[in-house]
Protein chains: 2
Amino acid sequence: MARWEPNARGRLRDAAMDLYAERGYEQTTVADIAERAGLTARTFFRHFADKREVLFGGSLQLEELMVAAAEAVPADAPPMRAVIAALEATAEPLGQDQPHSRRRQALITATPELQERELIKLATLSAALGAALRRRGVPEPEASLAAETGIAVFRVAWERWLDAGEERPLADVIREAVGRFETLVAAA
Amino acid sequence: MARWEPNARGRLRDAAMDLYAERGYEQTTVADIAERAGLTARTFFRHFADKREVLFGGSLQLEELMVAAAEAVPADAPPMRAVIAALEATAEPLGQDQPHSRRRQALITATPELQERELIKLATLSAALGAALRRRGVPEPEASLAAETGIAVFRVAWERWLDAGEERPLADVIREAVGRFETLVAAA
DNA sequence: ACGGTGATGACACGCTGTGACATCGAAGGA
DNA sequence: TCCTTCGATGTCACAGCGTGTCATCACCGT
């Protein structure tokens, strides 16, 4: 007989998602979340750095995934090829649960505080990708430029995939965005 | 004889900058800032939405400037031309006080909370630029793609301009970044 | 002279996030 | 079996952020 119910972290995450969806992010207190999970607010902060972080769990794995994909590209390929490979690698894990992603994104879009957190996660991603490029021998500022550009394309593709009418798999939307980006830049 | 010293907002901004530089952002309380400015914390929050906002004063003017520059480009020019014009327009106001910009950026770089705020300002910029492109008749996703890409290039140029060794004017650094970006993309 | 206006002060309050210490079941060794 | 250590949680106190509300009072127009 365990002293506590198992998976406190998961329970906190679920409780937070539910309450944020029910009443909105700002109308939910950490005490509310903890109570629904059968814990105390103090314990919430032992599992998550702050009230927002509960929504951004997998960002480290995503980073590792993108870096690994970039590193798997042949060393003599141009930098943008490695970046595109990194973007395409995200489609597999991120493209699974579109309804959940839509709910989550609606929440973020409605809450400036959460947008800030999402942006810094993307910036971290960009930095990691830039570092991976530099390890491939790409000099500055090309490495940062390629990484930032790639994340920008990803951001647009992601937003588009979450659009109401969109039904294609994420991988297709990303590839389309990359294609449109290339012709856009070629036109100038 | 005025009841209060004039320019409360400016005094608060200066006091905040000084204290943030002296002790760091987190070690400075709003009460500290207000006291140095000869005001109360409550008054601080009447002038600035929160403790971070005091560092991001001119972002609205910057947005208007970029939008205006994009709109001034001939309507038949390709979208990326308008974006590049918007970037170049920022050089005039932003490229003036390099030492101040360096101090400010060092503060931001050292403080995640401030990075978040800076990122959302840049995202707002990107959104405004995208909207300006759409008004020029650029469809989605090209408009967002061009705007995001432009802001990404700007970000890299700005960072580079603040690098220790860098002595060229901001306009030159931006133009170089644009050039490198174009050859980078052409290579893939 | 007088009433309205607008910036500020004063005060109370809820919420976030942290430090310090207590609690207690689980796991493992003698 | 007993004892110790360990780790997750609870409890309490607290500083700081940001907001609502009401009071104050010089200034300004009439």
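Residue numbers start from 1 in every chain, and the chains themselves are labelled A, B, ... in the order their sequence lines are given, proteins ahead of strands.
The base of D:dG20 is paired with the side chain of B:R42 by a donor and an acceptor separated by under 3.5 Å.
Under a 4.0 Å N-O distance rule, the pair A:D14/A:R36 does not qualify as a salt bridge. Comment: A:E140 does not engage B:R160 in a salt bridge, judged by the lack of any side-chain N to carboxylate O separation of less than 4.0 angstrom. We find that A:E142 and B:R180 are joined by a salt bridge, their nearest charged nitrogen and carboxylate oxygen being less than 4.0 Å apart. We find that B:E176 and B:R168 are joined by a salt bridge, their nearest charged nitrogen and carboxylate oxygen being less than 4.0 Å apart.
Between B:W161 and B:W158, the angle of the ring planes lies from 30° to 60°, which puts this pair in the tilted group.
Of the N and O atoms on the side chains of B:Q105 and B:E118, at least one donor lies less than 3.5 Å from an acceptor on the other residue.
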Atom pairs under 3.5 Å: protein N/O with N/O of nucleotides 1-5 of chain C:
none

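Taking atom CG on A:D32 and atom C1' on C:dC15, their separation rounds to 11 Å, with Å as the unit. Atom pair B:L39:CG and C:dA10:C1' shows a separation of 14 Å (rounding to whole Å applied). Note: CD1 (B:I33) to P (D:dG18) measures 10 Å, nearest angstrom. Here the C1' atom of nucleotide D:dG16 and the CD atom of B:E113 are 11 Å apart, to the nearest Å. Regarding B:R9, its CZ atom lies at a distance of 11 Å from the P atom of C:dT8, rounded to whole Å. Rounding to whole angstrom units, CH2 of residue B:W4 and P of D:dT24 are separated by 14 Å. A:R117 has its CZ atom 14 Å from the P atom of C:dT16, to the nearest Å. Here the C1' atom of nucleotide D:dA23 and the CZ atom of B:R3 are 10 Å apart, to the nearest Å.
Between A:R135 and A:E71, some side-chain heavy-atom pair lies under the 4.5 Å cut-off. Looking at B:E53 and B:K121, their side chains come closer than 4.5 Å, going by heavy atoms from C-beta outward. Between B:L12 and B:L39, the closest side-chain pair of non-hydrogen atoms falls below 4.5 Å.
Residues forming a side chain to side chain donor-acceptor pair (under 3.5 Å) with A:R175 (at least two apart in sequence, or on another chain): A:D172. The ring pair (Phe, Tyr, Trp, His ring centres under 6.0 Å) search around B:F45 returns none, not counting sequence neighbours.
The side chain of B:T40 contributes an N or O atom lying less than 4.0 Å from OP1 or OP2 of C:dG9. Under 4.0 angstrom from either OP1 or OP2 of C:dG9 there lies at least one side-chain N or O belonging to B:T43.
The stretch residues 11-24 of chain B has no heavy atom under 4.0 Å from DNA chain C, so no residue of it qualifies as close. For DNA chain D, the neighbouring residues in residues 45-53 of chain A, judged by any heavy atom under 4.0 Å, are A:R46, A:H47.
Every pair passing side-chain hydrogen bond (donor to acceptor under 3.5 Å, both in side chains) that includes a residue from residues 77-93 of chain B is listed here, sequence neighbours excluded: B:E92-B:Q96.
Within 4.0 Å (heavy atoms only), B:A8 reaches sugar-phosphate atoms of the nucleic acid but no base atom.
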